[in-house]
Amino acid sequence: MNNQSNTKEKHYLTGKEVRAIAKENAREMRALEKAKNKKMKEEEFLSEMKDSSNILEVEDLHSYFFTDQGVVKAVNGVSFNVPLNSTIGVVGESGCGKSVTAMSIMRLLQGPSGQIVSGSIRFKANDFKKDAFGKVIPVYEYDNNGNIVQEEIKDKKGNVTLVNKIKRDESGLPIYEREEKVYDIAKMPIKEMYRVRGRQISMVFQEPMTSLNPVFTIGNQLDEVSLPHIPGINKELAKKRSIHMLNMVGIAAPERVYTSFPHELSGGMRQRVMIAMALAAEPRLIIADEPTTALDVTIQAQILDLFNELKNRINGSILLITHDLGVIAEMADYVIVMYAGRVIEQGTALEIYNNPAHPYTIGLQKSKPTMDSSKDDLYNIKGNVPNPVNMPNHCYFKERCDKCINKCSGDYPKMIKLSDTHYVACHLFEEKDNE
């Protein structure tokens, strides 16, 4: 914004400048809100994965918050991939854009101030196959001769009709044909997003007490996930499925918890309920936003063990967001390090922990207390994060970096490839790369 460049050296904004910023923001927000609610054909937001082994590809994502003080660039050009059947850890200090990235993937940014401005979020969905009339196509049972099995259906008057028999799973739910489709979530209208959110991608939030509705029972809230997302399900089957999910996440008395209210459960039990809710519709991607922050150490270990078990049970992936490096080391296959709305380093867990490249990543690891560290030798990264409204053109970590060179005052560094899986955005490695 033009008005922002004039206010970089000031500690305040005049009333005229605030009105000019608000006017320009209102124009941008109206255009973005209109795009979110635009009616589109499915072909318009279908896409292709650059790597078929990935389930999610985030490319050059920009998510901003429009305020009276200016535009807050909370996510400013983030790119990363999530391979199938893997756990990706996203780490960084508070305010670095981890949760906003997750909210952008789920399309849960609070509008009209919070908006995805540009970028792509390609997701490989395993959707129900539909016929020309928009109805899901069931899988029928066949006999040994290859003919569809017929079954008798009685109506209320006792009349009998023959219909094709549909295959059912162990819980009695009808089985429907599936097909893989790649959606660009950033382009999807919000109404279309309803069939992806909760069904294909689910989220475990940081504080379960604020995520669960206090006036409804656990059973009501679990059934509410299954009923709109699973075709052919009824209330009886939804209850059976919900109790099965509670049992799966290690709750000893699922029938009792099913009829309980959130305030009647402990913090660990509530978090298990949130995980059961996330799994209810069999998603391909689970986003866990700091799922162990509000729990004590013993319950933390149980929840992390549960996530490890779930990764093997579901044919999908886990995106784990946390500021706890110990959790990332235990859980993640790949690690993404974020700072001030950007990815500054990414690689396998072994590469990030054994051979950290970016000075910020090195500082993060030094700042984690150990059994041997005392109060006096606990490391801290000096300085502050730059103002997100007026981000500098140079490296965001420059003012806090101990290894700063002259080139750090130039353009923001590009991603440098250190290995097939290890990348870093730092001018120090540009010099080595040139050599």
Side-chain angles (χ1 to χ4, degrees), residues 87 89-91 94 98-100 102-103 105-106 108 110 197-230 235 238-283 285-314 316-324 326-328 330-332:
T87 300
V90 183
V91 68
S94 297
K98 305 186 301 292
S99 294
V100 177
M103 290 294 191
I105 295 169
M106 294 290 288
L108 287 174
Q110 185 64 50
R197 189 193 300 136
R199 171 68 188 89
Q200 301 284 343
I201 307 175
S202 60
M203 192 165 180
V204 180
F205 293 95
Q206 181 173 352
E207 177 47 65
M209 197 58 189
T210 58
S211 304
L212 294 169
N213 194 320
V215 299
F216 290 103
T217 63
I218 298 299
N220 281 334
Q221 297 180 64
L222 275 169
D223 294 349
E224 204 175 44
V225 178
S226 301
L227 289 169
H229 290 300
I230 302 175
K235 289 184 177 180
K239 180 180 179 180
K240 185 178 178 181
R241 185 178 185 81
S242 297
I243 291 172
H244 172 68
M245 287 297 159
L246 290 172
N247 187 53
M248 183 188 289
V249 296
I251 292 178
E255 291 84 1
R256 181 182 63 79
V257 172
Y258 181 87
T259 58
S260 301
F261 287 91
H263 70 271
E264 297 177 298
L265 306 178
S266 65
M269 291 277 275
R270 285 195 292 265
Q271 194 61 284
R272 288 175 187 272
V273 168
M274 287 297 297
I275 296 169
M277 195 176 292
L279 291 170
E282 297 180 349
L285 176 65
I286 298 174
I287 301 174
D289 187 4
E290 304 195 21
T292 60
T293 300
L295 306 175
D296 59 61
V297 178
T298 307
I299 304 301
Q300 271 190 29
Q302 294 176 7
I303 296 298
L304 293 178
D305 287 342
L306 176 59
F307 271 113
N308 274 327
E309 290 175 17
L310 294 175
K311 188 177 73 170
N312 299 324
R313 291 186 186 182
I314 65 171
S317 302
I318 297 172
L319 184 65
L320 179 63
I321 297 170
T322 182
H323 59 264
D324 192 329
V327 170
I328 292 291
E330 183 179 345
M331 291 283 295

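Every heavy atom of this structure was used, including side-chain atoms; hydrogens, water molecules and symmetry mates were not.
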* Close side-chain approach of Asn213 to Asn220, heavy-atom, < 4.5 Å -> no

* Please step through side chain to side chain contact (heavy atoms under 4.5 Å, CB included) for the pair Phe261 and Thr217, ending with a clear verdict. => CA-CA 5 Å; Phe261 287 91; Thr217 63; 3.8 Å; yes

From [X] atom [atom1] to [Y] atom [atom2], the distance as rounded to the nearest 0.5 Å:
| X | Y | atom1 | atom2 | result |
| --- | --- | --- | --- | --- |
| Ile201 | Leu285 | CD1 | CG | 5.5 Å |
| Gln302 | Leu304 | CD | CG | 10.0 Å |
| Gln271 | Met274 | CD | CE | 6.5 Å |
| Met277 | Met203 | CE | CE | 14.0 Å |
| Arg256 | Ile251 | CZ | CD1 | 9.0 Å |
| Ile321 | Asp289 | CD1 | CG | 4.5 Å |

* CA sep, side-chain torsions, deciding dist, call: Leu212, Leu265, side chain to side chain contact (heavy atoms under 4.5 Å, CB included) -> CA-CA 11 Å; Leu212 294 169; Leu265 306 178; 5.9 Å; no

What pair of heavy atoms forms the shortest contact from [X] to [Y], and how long is it?
| X | Y | answer |
| --- | --- | --- |
| Val273 | Leu222 | O-CD2, 4.3 Å |
| Ile286 | Phe307 | CG2-CE2, 4.5 Å |
| Pro254 | Leu246 | O-CD1, 3.6 Å |
| Leu279 | Met248 | CD1-SD, 4.3 Å |
| Ile328 | Gly89 | CD1-CA, 3.4 Å |
| Gln221 | Phe216 | NE2-O, 3.0 Å |

* To do: Considering only NZ, NE, NH1 and NH2 on the basic side and carboxylate oxygens on the acidic side, decide whether Arg241 and Glu282 come within less than 4.0 Å.
  => yes

* With side chain to side chain contact (heavy atoms under 4.5 Å, CB included) as the test, would you mind laying out the steps for Arg197 and Leu108 before giving the verdict? => CA-CA 9 Å; Arg197 189 193 300 136; Leu108 287 174; 3.7 Å; yes

* Applying salt bridge (Lys or Arg N to Asp or Glu O under 4.0 Å), name anything that partners Asp223, two or more places apart in sequence or on another chain. => none

